[in-house]
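In what follows, every chain begins at residue 1, and chains take the letters A, B, ... in the order their sequences are listed.
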Amino acid sequence: MTTFAELGVDQDIVEALAVKGIVDAFPIQEQTIPLGLPGQDIIGQAKTGTGKTFGFGIPVVQRLGPTPAPGVQALIVVPTRELCVQVYEDMDMLTSGRPTSVVAIYGGKAYEGQIDQLKAGAQIVVGTPGRLIDLNNQRLLDLSHATEVVLDEADKMLDLGFLPDIEKIFSKVPAVRHTQLFSATMPGPIVALARRFMSNPIHIRATDPDEGLTQANINHLVYRAHSLDKDEVIARILQAEGRGKTVIFTRTKRAAQRLSDELGDRGFNTASVHGDMSQEARERSMAGFKAGKKDVLIATDVAARGIDVDDVTHVINHTIPDDEKTYLHRAGRTGRAGKTGIAVTFVDWEDLHKWALINRALEFGQPEPVETYSSSPHLFSDLDIPAGTKGRIVTAPKTQAVRVQPERAADAAAEVETNGQAPRRRRRRRGGDAERVGSTFEPVEGAGSSTSEQNGASDDGARSTEGGGTHDGGGKEHHDGKPAPRRRRRRRGGSGGGSAPAGGAAVGA
DNA sequence: AAAAAAG
């Protein structure tokens, strides 16, 4: 481990980091900070949650000097408003020991405060493309002296949706400048495109060549969902022992809102964030989730990239993402800064081809998603990562799934309605729902063991598969009829284990 | 095709 001081980081920044408990530099920081400080153009690539922001942020702050003159000298461009706020906060922290000031420029907010801060002489601007261009057009944001330029989530900023804006922004900053592009994912064609905006960039990949493509601290579970059953399965995951915060991703804004309402009705402490919400509501959701007042965040891909929240133990893909890059970024909301996490993905029938693509691209070596049943919640409470399976697929444990008894499901639902805050609306077709929960399932015998064998057979032997199947196969207390959660119930700390009968056969790739 | 990003 290298300390920041050893990398040439100024004392005031070292102290600002120390206040946050950050002492040792991560590999991407060790590699990019010494290059960024003297002004080397960098394409920085490192897995999710491994410290990229400070990798570019520290050199930006130091290159402006200890007491910079007023005026925008650094520009950091990000793809979403929430990430803008987060990166702003990081940069504000880094500059807390010096007069350098930072401003966040993004849409959905009043212009006034942002303009005031620019007029007051902010030196570092963190912004989203639309508002940056807007203020630049209004001659309220002068970018002609921004000699430090960063694209965070660079591959996203350079994709078709953003590229015209980015080209516009690059046309407004000095031709002679220091340019840094960072992301966890950098496809070859994007790297080639990126070079147009850089001079002699060096491409840093802070990854162990022996590692897979996925983040080692995250385990992955993939299931083919019974669509009528998905809400129920997700509700069961949310009752897993040892669960900390959870982020659930949907494909559309409408689905995010519906699921948020549904899980809220079931008594979970939910927040949501998507583009149909007011910016105020979006920020309230994020703040509540970060602070722990809410422990379930339902989001579109607006939250897929960059968002850093402590103690997210589960990521759930309610709908499978479109490609492997989005998969990595979504899953990367957990397993950050060395912590462990689990990513559960549901694949609808019509999306099986998407799974095939992701499976191949990420080298999971999982031929078919496993069937899922809401009656087997223990499938989803595995936070322990068995040796030899890091960052790989983990499949169902060899336990027998048990069907939810309709009457008990109804009891659980009734309990939700009678405790604490009333649901926003009554569940529809209460009895019918409960009936359906029981009747949707196919026979479940061997749900665990057969899938494990199936997956084991897919192992090509390249990776060790030891360490799986170490669990008790019991966990009867979780098999069915577990009451719906009470409001404010907290499940904190620990990494699975305990009463969670998690575990399972691990599959190499 | 969806989501994001100005209003």
Exercise. Which part of the nucleic acid does A/Gly275 contact within heavy-atom distance under 4.0 Å: base, sugar-phosphate only, or nothing?
Worked result: sugar-phosphate

Exercise. What is the distance, rounded to the nearest whole Å, between atom CG of A/Asp159 and atom C1' of B/dA3?
Worked result: 10 Å

Exercise. Tell me: NE2 of A/His329 to P of B/dA2, nearest whole Å?
Worked result: 22 Å

Problem set entry | Rounded interatomic separation in angstrom, taking CE from A/Met277 and P from B/dA5 | 12 Å

For this session: Could you check how far CG of A/Asp351 sits from P of B/dA2, rounded to whole Å?
Result: 13 Å

Seminar exercise, completed: Here the distance between atom C1' of B/dA5 and atom CG of A/Leu135, to the nearest Å, is 14 Å

For this session: Look at the side chain of A/Phe162 and decide which nucleotide, out of B/dA6, B/dA2, B/dA5, has an atom nearest to it.
Result: B/dA5

Exercise. Base, sugar-phosphate, or nothing for A/Arg282, non-hydrogen atoms under 4.0 angstrom?
Worked result: sugar-phosphate

Exercise. Using a cut-off of less than 4.0 Å, is there contact between a side-chain N or O of A/Lys253 and OP1 or OP2 of B/dA4?
Worked result: yes

For this session: Ignoring hydrogens and angles, state whether a donor on the side chain of A/Gln86 or A/Asp90 is under 3.5 Å from an acceptor on the partner side chain.
Result: no

Exercise. Can you find a side chain N or O atom of A/Thr300 that sits less than 4.0 Å from OP1 or OP2 on B/dA4?
Worked result: yes

For this session: Measure from the side-chain heavy atoms of A/Asp134 and tell me the nearest of B/dA6, B/dA4, B/dA3.
Result: B/dA6

Seminar exercise, completed: Heavy-atom nearest pair, A/His178 first then A/Glu148, reads ND1-OE1, 2.8 Å

Problem set entry | Any A/Arg81 side-chain N or O less than 4.0 Å from OP1/OP2 of B/dA6 | yes

For this session: Just call it for A/Phe249: base, sugar-phosphate, or nothing, with non-hydrogen atoms closer than 4.0 Å on any strand.
Result: nothing

Exercise. B/dA3 P sits how many Å from A/Asp301 CG, rounded?
Worked result: 9 Å

For this session: Check every strand shown and say whether A/Asp322 touches a base, only sugar-phosphate, or nothing at a heavy-atom separation below 4.0 Å.
Result: base

Problem set entry | NZ/NE/NH1/NH2 to OD/OE distance under 4.0 Å, A/Arg305 and A/Asp152 | no

For this session: Establish, with yes or no, whether the OP1 or OP2 oxygen of B/dA6 is under 4.0 angstrom from a side-chain nitrogen or oxygen of A/Thr128.
Result: yes

Exercise. How many Å lie between CG on A/Leu141 and C1' on B/dA6, as a whole number?
Worked result: 14 Å

Exercise. What integer distance in Å separates A/Arg330:CZ from B/dA2:C1'?
Worked result: 11 Å

Exercise. Using a distance-only test with no angle check, is there a side-chain donor-acceptor pair under 3.5 angstrom linking A/Thr185 and A/His329?
Worked result: yes

Exercise. Will you find, in the side chains of A/Thr179 and A/Arg177, an N or O donor that is under 3.5 Å from an N or O acceptor?
Worked result: yes

